[in-house]
There are 2 protein chains.
Amino acid sequence: MDERTETGLPRAVAIAWGMHEVPQRGPNRGLSHERIVAAAIEIADAQGLPAVTMQAVAKSLGFTTMSLYRYVSGKDELLRLMQDAALAVPEEADLPDDWRAALRVWAGFVREAYHDHPWVLQMPRGQISVLMPNSVRMADLGLRALRDLPLDNEEKIGVILVVSQHVTSTVELQLNLADEGEFVMSADGLDVLGQVVTPERFPDMAPVLRAGQFLETEDTPAREADDVQVEYDLGLDLIISGLEQRIARASAPE
Amino acid sequence: MDERTETGLPRAVAIAWGMHEVPQRGPNRGLSHERIVAAAIEIADAQGLPAVTMQAVAKSLGFTTMSLYRYVSGKDELLRLMQDAALAVPEEADLPDDWRAALRVWAGFVREAYHDHPWVLQMPRGQISVLMPNSVRMADLGLRALRDLPLDNEEKIGVILVVSQHVTSTVELQLNLADEGEFVMSADGLDVLGQVVTPERFPDMAPVLRAGQFLETEDTPAREADDVQVEYDLGLDLIISGLEQRIARASAPE
DNA sequence: ACCTGAACACCGTTCAAGT
DNA sequence: ACCTGAACACCGTTCAAGT
């Protein structure tokens with residue numbers, strides 16, 4: 001489905017790595033992949049993903065819409081490039097020696113990246129390529145955190161995958177809550193909701209909703225955004241302690 | 001940003017619960033929220049998310065595009081309804097008594113749902129409302145699996161969140177691999193990639209890539225789709241064993 | 001009350017033409 | 001080689017009009 005270069009690499013991958021030959025002879029009026037992607041990210045940061053149109057990007061650069069097509073095969077490719085560029089990670093990052101601490105620091109990098117560019121969460125993630133530069137960088141750093149653990153590579157990849165997805169889901173939840181927290185539900189609303197979310201149909205969830213854990217009503221205060229921190233820590237704790245167990249078992253079998 | 005009913009509930013929530021008064025007097029030519037959403041889902045299943053346009057949905061139902069707007073405030077709302085409807089879960093599902101087994105069964109439900117409707121993964125998830133019917137149902141079932149554990153509700157919510165996100169990330173990975181597996185990378189391609197993904201810059205990731213763990217080349221066989229099963233199990237194992245630890249610690253403190 | 005037809009603004013993309 | 005202008009197909013949405 002995707003455009004590919006002669007090497008078999010997806011075009012976006014080649015571009016992101018700077019491997020796409022830009023002839024560099026002739027008029028070159030100053031447009032480039034980097035500038036286009038940067039402009040697009042700036043728009044997304046400021047006005048959200050829907051504001052990123054080919055026309056808006058071109059205009060912000062002072063060029064016509066069509067000039068972009070010399071650098072980018074289409075909007076999909078631009079989005080792909082934005083997605084990876086947004087997930088920048090400090091290339092020369094130091095990680096603590098203890099793998100638990102290192103994994104937490106790494107998780108923090110991931111969190112920060114999504115936090116800086118929340119619109120990435122709104123993009124189709126079905127297309128994230130494991131071959132894009134920042135994905136590779138992130139993965140490399142994650143593997144480094146786990147370097148001394150007695151796990152094979154596949155397991156390590158699995159771990160950093162689990163961790164990174166946990167982080168993104170937490171950021172996502174945070175944004176959701178901030179979003180839904182924008183409206184205050186009236187007593188009416190809570191009532192109406194209570195009529196469908198009954199303890200009979202939802203014995204376990206009804207009490208939670210009724211407790212207003214997730215809802216801002218006229219009576220209960222808003223759930224603090226920092227509350228998500230609890231879930232963030234919980235997930236990380238579970239994974240790390242699960243990992244400790246696994247290692248203990250492996251090094252002292254039976 | 002969202003449209004709300006007088007009760008303060010988002011419109012999509014009210015509709016999904018069937019709480020939106022459909023006057024039901026007069027000509028009623030047979031259109032309904034349910035039919036519209038079902039038609040849209042059918043299109044997404046068959047032709048992918050981009051094929052879901054207001055015109056395509058209307059046409060497949062034999063109505064004009066504009067007729068949809070009597071039921072749905074716009075495309076966003078339709079997408080929201082599709083998203084929730086796609087995550088259907090057996091309402092009368094039985095869960096094993098053992099919480100570990102129950103959690104695994106529950107994870108399987110989530111997995112199945114995404115597997116049946118992979119396009120949900122391509123939708124902005126920043127908008128998933130915790131108030132939508134199937135979200136509530138899923139959460140209820142998840143909480144039921146954990147019912148007997150000595151955790152408070154917030155922790156339990158955290159756990160099912162972590163688990164469900166792990167599952168979706170696994171399905172996502174599976175789809176990514178299937179996608180990237182569509183192209184065979186030439187020896188050239190691997191070479192070119194090797195020039196940027198060097199052991200110097202990516203000491204931990206370069207060997208993994210070189211091992212071709214994620215890539216189908218002319219030499220190495222494709223990574224089996226079922227291979228993702230390893231990551232699926234790993235994550236679930238980690239979480240469950242982390243949970244066991246936490247419980248053991250809680251019931252026998254110090 | 002429910003649906004239609006015409007119309008509008010906007011967006012992604014093409015193609016041939018300019019310098 | 002790099003960019004532009006005109007044009008096209010398509011999409012979401014509005015509004016007034018039909019039954």
Side-chain angles (χ1 to χ4, degrees), chain A residues 1-3 11-12 15 20-37 39-40 43-44 47-83 119 122-124 127, chain B residues 1-3 11-12 15 20-37 39-40 43-44 47-83 119 122-124 127:
Chain A
M1 297 289 170
D2 256 349
E3 286 175 76
R11 242 183 71 101
I15 293 174
H20 207 69
E21 63 283 357
V22 189
Q24 212 56 320
R25 281 287 171 271
N28 194 333
R29 279 134 181 109
L31 220 42
S32 68
H33 291 116
E34 289 79 11
R35 291 198 61 204
I36 292 172
V37 173
I43 293 173
Q47 309 171 57
L49 204 54
V52 179
T53 67
M54 296 302 272
Q55 10 251 329
V57 173
K59 195 175 172 187
S60 85
L61 289 163
F63 288 88
T64 57
T65 308
M66 294 67 63
S67 64
L68 303 182
Y69 285 86
R70 187 143 296 269
Y71 296 86
V72 148
S73 75
K75 194 184 180 183
D76 274 5
E77 198 172 280
L78 174 56
L79 289 175
R80 218 81 80 79
L81 293 171
M82 289 173 65
Q83 191 169 27
W119 46 265
Q122 320 231 105
M123 306 191 27
Q127 308 279 24
Chain B
M1 297 290 172
D2 256 348
E3 284 174 78
R11 242 184 70 102
I15 292 174
H20 207 69
E21 63 283 357
V22 189
Q24 213 56 321
R25 281 288 172 271
N28 195 334
R29 279 136 182 110
L31 220 43
S32 67
H33 291 117
E34 289 79 11
R35 292 198 61 206
I36 292 172
V37 172
I43 293 173
Q47 308 171 57
L49 204 54
V52 179
T53 66
M54 297 301 272
Q55 10 252 329
V57 174
K59 195 174 173 189
S60 85
L61 288 163
F63 288 88
T64 56
T65 308
M66 295 66 65
S67 64
L68 304 182
Y69 285 86
R70 187 143 297 267
Y71 296 86
V72 148
S73 75
K75 195 183 180 183
D76 274 6
E77 199 172 280
L78 174 57
L79 288 176
R80 218 82 80 78
L81 293 171
M82 289 173 66
Q83 191 169 27
W119 45 266
Q122 321 232 103
M123 306 190 27
Q127 309 279 23

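Numbered from 1 within each chain, the chains take letters A, B, ... in sequence-line order. As a basis for the values below, the full set of heavy atoms in this structure was taken, side chains included, without hydrogen atoms, waters or symmetry mates.
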Discussion item. Below the 4.0 Å mark, does C:dT4 have OP1 or OP2 next to a side-chain nitrogen or oxygen of B:T64?
Written reply: yes
Response to the item:
Stems field, DNA chain D, Watson-Crick or wobble, 3.5 Å, at least 3 pairs, by first number, holds C:4-8 with D:12-16, C:12-16 with D:4-8
Could you measure the distance from the [atom1] atom of [X] to the [atom2] atom of [Y]? Nearest 0.5 Å is fine.
{"X": "B:H33", "Y": "B:I15", "atom1": "NE2", "atom2": "CD1", "value": "4.0 Å"}
{"X": "B:T64", "Y": "B:Y69", "atom1": "OG1", "atom2": "OH", "value": "11.0 Å"}
{"X": "B:K75", "Y": "B:T53", "atom1": "NZ", "atom2": "OG1", "value": "6.5 Å"}
{"X": "A:W119", "Y": "A:M82", "atom1": "CH2", "atom2": "CE", "value": "4.0 Å"}

Nearest whole Å is fine: how far is [N] [atom2] from [X] [atom1]?
{"X": "B:L78", "N": "D:dT13", "atom1": "CG", "atom2": "C1'", "value": "14 Å"}
{"X": "B:K59", "N": "C:dT4", "atom1": "NZ", "atom2": "P", "value": "14 Å"}
{"X": "B:R70", "N": "D:dT13", "atom1": "CZ", "atom2": "P", "value": "16 Å"}
{"X": "B:Y71", "N": "C:dC2", "atom1": "OH", "atom2": "P", "value": "6 Å"}
{"X": "B:I36", "N": "C:dC2", "atom1": "CD1", "atom2": "C1'", "value": "12 Å"}
{"X": "A:F63", "N": "D:dT4", "atom1": "CZ", "atom2": "C1'", "value": "12 Å"}
{"X": "B:R35", "N": "C:dC3", "atom1": "CZ", "atom2": "P", "value": "10 Å"}

Practice prompt. Please list, chain by chain and in numerical order, all residues satisfying side chain to side chain donor-acceptor pair (under 3.5 Å) with A:S60, sequence neighbours excluded.
Written response: none
Worksheet entry | Residues forming a side chain to side chain donor-acceptor pair (under 3.5 Å) with A:S73, sequence neighbours excluded | A:E3, A:E77
Worksheet item: Is A:M123 close to A:L79 at the side-chain level, that is, under 4.5 Å between some pair of heavy atoms?
Response: yes
Worksheet item: Do you know the tightest heavy-atom contact between A:V57 and A:L78?
Response: CG2-CD2, 4.4 Å
Worksheet entry | Closest nucleotide among C:dC3, C:dT13, D:dC3 to the B:L31 side chain | C:dC3
Worksheet item: Under the side chain to side chain contact (heavy atoms under 4.5 Å, CB included) test, which residues partner B:Q47, sequence neighbours left out?
Response: B:I43, B:A51
Atom pairs, protein N/O to nucleotides 10-12 of chain C N/O, distance under 3.5 Å:
| unit_1 | atom_1 | unit_2 | atom_2 | d |
| --- | --- | --- | --- | --- |
| C:dG12 | OP1 | A:K75 | NZ | 2.7 |
| C:dG12 | OP2 | A:M54 | N | 2.9 |
| C:dG12 | OP2 | A:Q55 | NE2 | 3.0 |

